[in-house]
Amino acid sequence: MMRNFVYAVLLLVLTPSLYAAEVVKVKGKGVLVELRGDPAVAGDFFYLISPDGKRRGIVKISKVKGDKAIGKLTKGKGAPGYTLEFKQQKTAKGSGGSSGGAAMASPSMDDGSVTSTRSYWGALFGFSMDSMSVHVTGAPPLNEDKGVVAMTGTGFSAKGLFDYELFSQLWFRGTTGVEMFNAAGEAKCGPSNTDACTAKLMYLTFDFIGRYVFGKGSF
């Protein structure tokens, strides 16, 4: 059986995009950030993520101009090349039930060594071009040779996927779903050797993939 399987894959990842903002300069507690399209306003807090994917510090943005921002380290450390991850803030309540001001949530940094892992859910849809060849013989008792029949057709597949970041550059992906094989040829099959030769299969698949990211682009 021969199969030329060509995927036109649509990946629907139901998660936020990866952060591209990066630290370009650190002087004392001052941090210069190149936003690269990421949104930021004065007062925002960001985690500083080292190349090994760990949270090393927290920076508060004090000024934004164009695609650059200036911030101040409030915890931990920073260095050129660190990326930024937006930090959600919690609203604290004062005594008596009255609302207090916004308070920065204190992360569990473990001396700056907590790994920032990410995971994503999504879907894969595929289209296949299927082909196979079969040798056909007639019905008993003659069993005459009908020759080789070339069969072609198209099929579809649908899978769910889960991506998991073990480290900043090492990811694992698992997928599961159904795939279809569908091919048809000349009318030389069946009890009377006049039916169309067909092959229709649908099966469940499980895939597990590991991948290493060599570099991070801006898209």
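Remember, predicted model here, so these are calculated numbers, not experimental data.
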What pairs with [X] under side-chain contact (heavy atoms from CB on, under 4.5 Å), at least two apart in sequence or on another chain?
| X | value |
| --- | --- |
| T176 | L204, F206 |
| K72 | K29 |
| F208 | F172 |

Rounded distance [0.5 Å steps], [atom1] in [X] versus [atom2] in [Y]:
| X | Y | atom1 | atom2 | answer |
| --- | --- | --- | --- | --- |
| F86 | F45 | CZ | CZ | 10.0 Å |
| R173 | Y120 | CZ | OH | 11.5 Å |
| K27 | L32 | NZ | CG | 12.0 Å |

In a table with atom names and distances, give each donor-acceptor pair under 3.5 Å that connects a side chain of residues 59-66 to protein atoms at least two apart or in another chain.
unit_1 : atom_1 : unit_2 : atom_2 : d
S62    : OG     : I70    : O      : 3.0

Which residues end up grouped with V148 if you chain together Ile, Leu, Val, Met, Phe, Trp and Tyr wherever their side-chain heavy atoms are less than 4.5 Å apart? none
Extract all donor-acceptor atom pairs below 3.5 Å that involve side chains of residues 180-190 and protein atoms in other chains or at least two apart in sequence.
unit_1 : atom_1 : unit_2 : atom_2 : d
N182   : ND2    : T154   : O      : 3.3
K188   : NZ     : K146   : O      : 3.3

Measure the shortest side-chain to side-chain distance between [X] and [Y] over non-hydrogen atoms and say whether it is less than 4.5 angstrom.
| X | Y | value |
| --- | --- | --- |
| F46 | K87 | no |
| L84 | Y47 | no |
| I49 | R55 | yes |
| V23 | L48 | yes |
| F127 | S157 | no |

Looking at A150 and S133, what are the two nearest heavy atoms and their distance? CA-OG, 4.3 Å
For G78 and L73, which heavy atoms make the closest approach, and how far apart are they? N-CD1, 4.0 Å
R211 vs D163, test: side chain to side chain contact (heavy atoms under 4.5 Å, CB included). Steps then yes/no. CA-CA 10 Å; R211 60 191 179 99; D163 275 350; 3.7 Å; yes
Check the hydrophobic clustering (I, L, V, M, F, W, Y; side-chain heavy atoms under 4.5 Å; chains of links allowed) and say if F162 and I209 are grouped together. no
Not counting sequence neighbours, which residues clear side-chain hydrogen bond (donor to acceptor under 3.5 Å, both in side chains) with D67? List them please.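 Partners of D67 under the side-chain hydrogen bond (donor to acceptor under 3.5 Å, both in side chains) test: none.
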By side-chain hydrogen bond (donor to acceptor under 3.5 Å, both in side chains) - contacts of S50 (at least two apart):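 With neighbours one apart ignored, the set is D52, R56.
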Taking only residues two or more places apart in sequence or in another chain, which ones pass salt bridge (charged side-chain N to carboxylate O under 4.0 Å, His left out) with D195? none
Check the pair K159, L161 against side chain to side chain contact (heavy atoms under 4.5 Å, CB included), reporting the backbone distance first and the verdict last. CA-CA 7 Å; K159 297 181 180 182; L161 70 87; over 6 Å; no
